[in-house]
Each structure stands twice: as structure tokens, then as C-alpha cells.
Amino acid sequence: MPELPEVETIRRDLNKFLSGKKITAVEVRQPRLVKPSVTKLKKALVGARVGRVSRRGKMLVWHLPKQQKLLVHLKMTGQIVWRQGGGKLMVGGHPIIGVDTVPNKYTHITVSFTGGGKLYFNDTRKFGYWRLVDDATFTDISQKNFGPEPLSVAFNANYFLAYLKKHQRALIKAILLDQKTVAGIGNIYADESLWLAKVKPQRWVGKLHPAEIKLLVASIKKILKEAVKYRGTSFNSYVDSLGRAGTYWPHRKVYGRGGLSCKRCGTIILKTRVAGRGTHYCPKCQR
DNA sequence: AGATGATCCTGTATGC
DNA sequence: TGCATACAGGATCATC
């Protein structure tokens, strides 16, 4: 499900909810999703106070005592839902949409906190995982498997030009989806960024002009910032930590708009397959 | 090196 | 209604 904007939304809210609270219990219904083991997870969590929650690409990173970190990846359908007390939750007088009841049949992990709050991990397809690591391992993973954060200064035209020089024979969309290029872009925002930069997803990296590469960097930043502002995109299972949908969907330009007209030139948006993923683009203004 | 397809799962949409 | 097929915000692995 979630790409950077969705995970970032969850991260910000979790920091408010979890701040200063201590974990009193951990219940795991799907041991397979926990690494290295349920026993070790419980040992690290129960009794601990969660420090801040950060993010690396699409991973949530819980800072724990004793130089440990909990890496939570939601993959396609993972949800993190916070409930303070029972009953139907309301926000601004309106009932919350998305997740009506927790725990439900897709709740695989429940973490209880002092003060009565509970955090639920739901995941229909069970691709997500909770992985406990020590700080050194996290640093290692972070450096080896992830490129720069797209909204940081480290992700800039110079970096991107140099990186692409090493991958001349790849398709640009495949490169954007690779977390080693830049961490946090997924299928929706890859398509949206390419549309904004007027670059065809199947373009060979080696044939991109420096000006296009520069524009692509700016487009990625712009799209992601905008999507964070709207608290992410929901068309199916994504909800934030209070069970609310993200509101970026109506603002998207191409993703899921195959057969509809391009917002820039009116040409019919095509849907095809690139890098094994459904890919949407305008055949006229993306070259 | 990089593309492709299968794989981990379950739900939903579409077509016959 | 039933049944088959394709596809879904991710990422990894084997194979070509």
C-alpha cells in the first residue's frame, strides 16, 4: 500500500500518540511476520518506552532502548491503527471511515500502552513485517539497501545525474521504483512524477537529457510534498493511524486514469505494463 | 546489468 | 449466480 507520503503521515501521528508511553503488552497472531522471533520482539518491547518514530523510505523505524530499532514495513495492505479507549472513534464530529473495528480478522499484532491506548497492525495480504534489529544492523541496511531520502538535500540533480550514469541501460520507471536509487517512491508517485516531468516511463535512462533529469528531481519532490500535505492516497486499503483515508486521490494526474483525458493536453491516458507494474502515462506530452 | 515472471497472500472487479 | 482470470500503494528471487 503505502509509499513515502502514507508512511510519513502515519509516522507523524504515531509520534504524537506514542510519546512518553510505555509498552505493557504485545500480542502476535501471525508469528511469520515477526523477525527474528516473537520472543525477542516481546523482550525488546514489553516495559520499554518508545522513543521517536522515524522513517527510512517506506519503512517505519521505532527507536527503542538498548540500541535497538523496530522496522515496520506495510508492503501493499498493511495498516497501523491507534485506538485510545474503545467505542466508535469520531474526528471533528464525523465517524471515521476505513477501519470500523479493531482488532479484526486482519489484525496480526497488537501493542498495548500505558494509558489504555492500543496499536494494531492489520494486513490483509500478510506481506508486511515487523523486524527487530540492533542499531548497527539498521545503519547497515540503511546504507546498503536505500538511496537518499527524496525530500532531503542529498537527493539533488548532481546525485541523480551521477547515479543514472551508472544505469544507462535501465528504464527510467524501473530506476525510480528501485529503493536504492531514491527511497520511498512507489508505483503511484513514480507515475505521477514522470507525468509532471513529461518523461515517458519506458524511456531509457541513457537517452535522458540533463535538463529532463533535473526536472524529474524537482517533480519527485513536488509530487511527494503535495501528497504528504494531503496525507497520502487512498483508493483501497490505505488508512492513517486513526483509520482515515488520505485525500490525494482526486489530485492525481495519471495513476488509475487510463482511458481518461490528460489534464495537460487532453490526450487519452494509456495504461500499460513497465517493470512489471501497471503504468499510466500520456502518450503525447510524455516523451 | 537489467528485464521478466513467479512468489509471498487475500480481496475485488471483470468477463463469460 | 457461478466460475475463471486478472490485478492490486512492495520487494525478492531465479532465469534468460
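Computed from a predicted structure; not experimentally measured. Chain letters run A, B, ... following the sequence lines, proteins first and then strands; every chain starts at 1.
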Checking all strands, does [X] fall into the base, sugar-phosphate, or nothing category for heavy-atom contacts under 4.0 angstrom?
{"X": "K271(A)", "result": "sugar-phosphate"}
{"X": "L177(A)", "result": "nothing"}
{"X": "Y106(A)", "result": "sugar-phosphate"}
{"X": "R252(A)", "result": "nothing"}
{"X": "T124(A)", "result": "sugar-phosphate"}
{"X": "G186(A)", "result": "sugar-phosphate"}
{"X": "G278(A)", "result": "sugar-phosphate"}
{"X": "K105(A)", "result": "sugar-phosphate"}

Write down the distance separating the [atom1] atoms in [N] and [M], rounded off to the nearest Å.
{"N": "dA1(B)", "M": "dG10(C)", "atom1": "P", "answer": "25 Å"}
{"N": "dA6(B)", "M": "dT5(C)", "atom1": "P", "answer": "14 Å"}
{"N": "dA11(C)", "M": "dG11(B)", "atom1": "P", "answer": "22 Å"}

Between [X] and [Y]: side-chain donor-acceptor atoms closer than 3.5 Å:
{"X": "D140(A)", "Y": "T137(A)", "value": "no"}
{"X": "N187(A)", "Y": "K173(A)", "value": "yes"}
{"X": "H108(A)", "Y": "D123(A)", "value": "no"}

#### Entry: Donor/acceptor link under 3.5 angstrom from R277(A) side chain onto base of dA8(C)
no
### Query
Salt bridge between E212(A) and R287(A), side-chain N to carboxylate O under 4.0 Å?
no
#### Entry: Under-4.0 Å salt bridge between K69(A) and D134(A)
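No, this pair does not count.
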#### Entry: For atom CE of M76(A) and atom P of dA8(C), their distance in whole Å
8 Å
### Task
Rounded to the nearest angstrom, tell me the gap between atom CG in N236(A) and atom C1' in dG11(B).
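Rounded to the whole Å, the gap is 8 Å.
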### Query
With centres under 5.5 Å and planes under 30° as the test, does F127(A) stack with dA11(C)?
no
